[in-house]
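Have a look at the structure below, then the notes.
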Amino acid sequence: MSSQLITSATILQFESGVRLKHDAVRSRYVVLGPEMLVELNETGTAIMSKVDGEADLQTVIQSLAEQFQVEPRDIEMDVTEFCTSMVMRRVLMP
Amino acid sequence: MNQTILAPQVLLAEVTHRCPLQCPYCSNPTELIKKQTEISTEAWQRVFAEAASLGVLQVSISGGEPAARRDLTNLIKAARDADLYVNLITSGIGFTQQRLTEIIEAGCDHIQLSIQDVDPDGAELISNSSGSLEKKLKFARWVTDASVPLTLNAVMHRLNLDRLPETIDLAIALGARRLEIANVQYHGWAELNKSVLMPTREQSDATNQIVDQARQEHQGRLLIDYVPVDHYAEYPKACMNGWGRVALIVAPDGSVLPCHNATNLKHLNFTNVNDASLENIWYESEAFNAYRGDSWMPDVCKSCDRKDIDFGGCRCQALAILGDPAAADPVCSRAHPQNLIQPEHAESTLIHTKEIKYRSNA
């Protein structure tokens with residue numbers, strides 16, 4: 001597991017064949033991919049909603065910080081870790 | 001155990017039992033459903049829509065070989081129109097590149113391709129079809145060229161397990177995103193061919209190590225799902241992730257089943273999609289409620305802390321080996337310390353491939 005898989009300048013996008021979906025029956029968001037279902041909590045949903053193939057990690061963190069009214073440095077590590085795990089699972093592509 | 005019935009997440013749509021290959025471990029039941037009794041395109045459209053509103057998120061369109069249905073493109077489109085994630089489970093045989101393009105345009109999200117062996121002769125022996133490997137490799141390249149995620153599904157057994165490293169290399173070379181290393185599950189056709197297909201314990205142990213290494217080596221690149229040899233396990237598998245808990249299967253004739261082989265359980269009646277709604281079948285039918293929760297379990301399972309992990313294991317295996325579908329899974333070393341499963345012939349070195357009983361045509 002390498003932490004340098006992504007940096008603050010990495011532009012994040014969904015892998016081909018992977019998408020975010022609102023699961024109306026269970027009132028939650030999920031990521032759907034090849035025989036894969038990732039349940040997202042509120043934080044995960046907020047992060048994944050900002051992945052658009054244009055914003056880099058730094059921008060995603062900045063935008064989340066504004067949304068939740070916290071300092072970017074307070075969430076930087078958690079968001080980076082989450083995104084790295086999504087890259088490892090081939091949900092996101094760096 | 002919580003007795004609340006959860007909404008299903010996965011639909012396995014077995015659209016046909018017809019198949020150009022005759023693998024002796026086919027997961028279809030030994031009594032195959034004929035073309036004449038397959039349900040219509042319109043019936044499948046209704047099934048996909050009902051499944052989605054019931055809570056299903058993913059559909060796996062499977063067979064037999066789904067491409068044997070001329071309306072496959074329309075089936076895929078219907079599933080996608082219902083906002084389901086569409087996995088196509090195929091042998092890759094019977095496709096032209098044009099037809100593949102059509103199903104991708106219709107909304108196929110992911111393709112899972114089975115391979116019988118990385119050795120062409122081994123592949124021919126198992127599929128009973130000449131040149132099958134070459135056709136599959138060509139198909140795999142079309143899929144990755146189209147940027148559609150590819151899973152390679154390698155069914156493993158005694159005759160090909162020694163080529164597992166080459167199988168992993170092939171998945172990498174083809175640019176597959178996922179590799180399923182699935183040991184044969186010994187039900188139905190595979191049960192008939194156990195003496196030829198059951199790996200030795202040495203093979204099984206070596207496999208565990210090779211898989212661990214490959215997972216580390218290809219982390220972040222190739223996702224590996226591994227189904228070990230059930231008969232050498234200490235505890236039962238979580239068959240279907242629990243009966244009527246996560247997934248439902250619709251057979252080619254429209255019967256709704258809790259598992260592929262449920263039709264072996266002759267005491268149960270399976271309702272058809274033409275006779276009731278999926279919702280009614282999932283929540284109310286006797287068949288889906290038969291082995292839900294823990295009220296059906298023998299005491300040894302009911303009091304066991306693993307019942308929320310394996311949900312009591314496999315009912316078909318209990319029936320096949322113990323003659324009672326409600327018995328504790330025969331694999332379980334807690335329920336059956338006397339080790340009920342002695343893999344037949346597994347330790348003998350002679351392989352009589354002439355004994356292979358190929359799957360018949362649907």
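These values consider heavy atoms only, across backbone and side chains, with no hydrogens, waters or symmetry-generated copies. Letters A, B, ... mirror the listed sequences (proteins, then strands); counts begin at 1.
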Whether over 12 other heavy atoms sit under 6.0 Å from B/E102 CD: yes
Counting only non-hydrogen atoms closer than 4.5 Å, does B/N87 touch chain A with its backbone (N, CA, C, O), its side chain (CB onward), both, or neither? side chain
Considering non-hydrogen atoms only, spot the tightest contact between B/P149 and A/S16 and give its length. CG-O, 3.7 Å
What pair of heavy atoms forms the shortest contact from B/L223 to A/R90, and how long is it? CD1-CB, 4.3 Å
Honestly, the part of B/I89 sitting under 4.5 Å from a heavy atom of chain A is side chain
Under 4.5 Å heavy-atom distance to chain A, tell me which part of B/Q9 shows up: side chain, backbone, both or neither. both
Heavy-atom pairs under 4.5 Å with chain A, option from B/R178, B/H110, B/R177, B/Q58 with the top count: B/R177
Look at A/E15, A/R19, A/K21 and state which one has the largest set of heavy-atom pairs under 4.5 Å with chain B. A/R19
Could you tell me which non-hydrogen atom of A/V25 sits nearest to which non-hydrogen atom of B/A7, and how far apart they are? CG1-CB, 4.3 Å
Top of B/D83, B/L54, B/D225, B/V10 for chain A proximity - count of heavy-atom pairs under 4.5 angstrom: B/D83
Check: B/Y85 side chain, A/V31 main-chain N or O, donor-acceptor pair, under 3.5 Å: no
Using a cut-off of under 4.5 Å for heavy-atom pairs, which of B/G55, B/S53, B/A52 has the most such pairs with chain A? B/G55
For A/R26 against B/P8, the heavy-atom pair lying closest together: NH2-O, 2.9 Å
